[in-house]
Amino acid sequence: MLGRVLLSLVLLMVAGRAYAAPELTIGCSPTSAQFTLEQVRALPTEAWKTVDPNAPFVDLAKAEWCRLQVSGADTLGAVVRFKVSSALIAPVATFYWPDVLRDDQGTQVGVETRSFGGARHPSVLVEARHTGQPIYLRFLTRSSPRGVLEAWGVSDFTARVRAEQSFEMAVMASMAVLGLMASLFAYQLGRRVLIYLCLWVISVIVLRVLESGLFTTWVSIEEDARRLLNTLSLTVAIAFSVVFSDRYLKLGDHFPRISRLLMALVLVLIGVGLLTVGQVTTHLRELYNALIILQFMLVGICALVLFHRGDEMARFFILGWSPVLVMSVVRTLFFLTPAPLPVWLEPLWQVTLLFAVFVLLLVTARATRDAEREMHVVRRAASHDALTGLANRASLFEALKSGMAKARTTRAPLSLLFLDLDHFKHVNDEHGHDVGDHCLRHFAATLQSRLRADDMLARLGGEEFVVLLPGVPLEHARKVSDDLRNVLSEHPLILGDLTCRMTVSVGVAALRDEDDAESLLKRADAAVYRAKAHGRDRTVLETVFDAPALSLR
């Protein structure tokens, strides 16, 4: 998908270089606002004031009547395009061809009609038979549009439009796929701050569909409805981007006043956006754009301050979100000028949008990884001993019940070692609990190194440990116990000048038909008491007289 975006961008640049413009001459009559088509055609040549084709056509719209002439077109004719700075303020104009006789027979071009070739900017085809002849143009906009008139050869224009649409479709498709993946992650995580960003993706995609002209190619839509959809999608996109920035950077904690100001500006922006739906004026448009710039600049300044303070979230924010903020501010600044957007700005802005969505996916993936890590830590803390890292009492009983059930099913033996460190209380009393903790960790690591992968070493509590030996009969379990005791005595704990030699008393019990987890553990515990009574540092097997006793739970 991203490869398609790059390929479309290359095609767009190639199409732009292949452009060879026909010559376009424009003249306007400042006093012709109330004239009819017949009166305009009767005007002498000197009544038409020549206008620079590359100059903004704000004055042309005020004059209302203009006269165009296209020359140097190819055999298919030419395309005259209104390249406007904002899709929200698309001009509406009527073309009167040389063979048109009445005012109501012109060809209207603008937001209410489909542009030639499905172009984003309002465009009209000038047939080859009309090139070199005067074409009259009358503006019917409610406010002065901003932009310039351009003339294209039909083949160059078609190639350009196809490249633009291919690029925009690739960008929107990539944004949709990445945004959907990120939205699913965010929904599963339940992170509201990421959901705000996902809603921004949706509103931006809607905005790009409307601005690209693809929507009006598929569906006929009136000017007011199009302006409403454009304004709402743009306003919602700005609002969600600001809310996301505020929540992600936690501006309410770091800069509470600026956070409140941003939320107030969002409400004002929504209000101004609704007003522009009813009536688009120059002042409302400039206020709307100024509010966007102000909000983005406040967010950018706060992010830079937090970045300077070493805030980790600000680093990630600047990496992924600052290109969008910068390009949005630059793009909005052009909306405040009569000139149209530069050729390079629009595709670059779309690439930054796609990059932001990609970073959104990385953010959600990182959040998912952190959530899984936190869940793993919580689960491990619930099932493992914090000091030694061994399985705890709850995990032991769960594994013991599972092992007993498996042993009965397969008719395999199962033995259990109950280990109790000798004189451990003296270690704590003489050397302190820190040394005692080191001894417990050393004991656990030493024994764990001698056990099989299927064996389980668990800490029951204090200095008491249990080893579960699946598939091991009672007599072989004695040998395992003696091996563990010998390894422990041969590897004392050395802490600086202190050498801690440890011994352990072990009781061994094997699974019986009538056993449950508690009775098996209780018999091994009884054997430990006999080992303690006979001098410690020894292994004692259960006897046939050991019976299940009171529950250990």
Side-chain angles (χ1 to χ4, degrees), residues 16 19-86 89-103 105-110 115-116 119 121-154 156-157 160 282 334 336-343:
Y19 165 55
E23 184 179 354
L24 176 67
T25 57
I26 307 174
C28 63
S29 179
T31 60
S32 63
Q34 305 301 323
F35 286 11
T36 65
L37 176 60
E38 184 179 356
Q39 292 172 325
V40 168
R41 280 190 169 144
L43 291 174
T45 303
E46 57 270 14
W48 297 99
K49 180 182 178 182
T50 302
V51 179
D52 182 4
N54 296 319
F57 51 75
V58 174
D59 292 336
L60 278 66
K62 293 178 180 178
E64 195 163 325
W65 279 101
C66 296
R67 187 175 69 172
L68 309 180
Q69 194 166 346
V70 181
S71 58
D74 56 30
T75 56
L76 299 176
V79 177
V80 175
R81 179 171 77 165
F82 295 81
K83 188 175 182 182
V84 292
S85 59
S86 173
I89 317 294
V92 177
T94 303
F95 277 75
Y96 294 93
W97 310 111
D99 52 358
V100 170
L101 301 178
R102 299 202 316 266
D103 291 49
Q105 293 179 335
T107 300
Q108 192 177 82
V109 179
S115 297
F116 174 76
H121 299 273
S123 309
V124 63
L125 172 65
V126 179
E127 297 179 8
R129 60 192 177 93
H130 292 152
T131 58
Q133 301 183 50
I135 302 169
Y136 295 93
L137 175 64
R138 189 173 190 178
F139 286 93
L140 301 175
T141 50
R142 291 179 290 182
S143 61
S144 300
R146 299 187 175 195
V148 295
L149 287 174
E150 294 180 336
W152 292 69
V154 175
D156 289 333
F157 181 80
R160 178 72 178 186
T282 301
F334 273 99
L336 295 175
T337 65
L341 298 178
V343 176

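Counting begins at 1 with the first residue of the sequence.
- In this structure, Val80 and Phe95 have side chains that are in contact, with non-hydrogen atoms separated by less than 4.5 Å.
- Taking the side chain as every heavy atom from C-beta outward, Trp65 and Leu43 never approach each other to under 4.5 Å.
- Summarising the geometry, atom CD belonging to Gln69 is positioned 9.5 Å from atom CG belonging to Leu24; distances are rounded to the nearest 0.5 Å.
- If you take OG on Ser123 and CH2 on Trp152, they are separated by 9.5 Å, rounding to the nearest 0.5 Å.
- Shown here for Pro22 and Val70, the closest heavy-atom pair between the two residues is CB-CG1, 4.1 Å.
- Between the CZ atom of Arg129 and the CG atom of Asp99 there is a distance of 5.0 Å, given to the nearest 0.5 Å.
- How far CZ of Arg67 is from OG1 of Thr45: 5.5 Å, rounded to the nearest 0.5 Å.
- To the nearest 0.5 Å, atom CZ of residue Phe157 and atom CG of residue Leu125 are 9.5 Å apart.
- Contact detail for Arg138 and Asp103: the closest heavy-atom pair is NH1-OD2, 4.1 Å.
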Just do the side chain to side chain contact (heavy atoms under 4.5 Å, CB included) check on Val126 and Thr131 with the steps written out, would you?
CA-CA 7 Å; Val126 179; Thr131 58; 4.2 Å; yes

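- The two residues Pro98 and Gln133 make their nearest non-hydrogen contact at CB-OE1, 3.3 Å.
- Heavy-atom minimum distance, Gly106 versus Thr94: CA-CG2, 3.7 Å.
- Rounded to the nearest 0.5 angstrom, Thr36 OG1 and Arg102 CZ are separated by 13.0 Å.
- Environment of CD in Glu23: sparse, with no more than 12 heavy atoms of neighbouring residues, nucleotides or ligands closer than 6.0 Å.
- The aromatic rings of Trp97 and His130 lie parallel to each other, their planes meeting at an angle below 30°, with 60° marking the opposite boundary.
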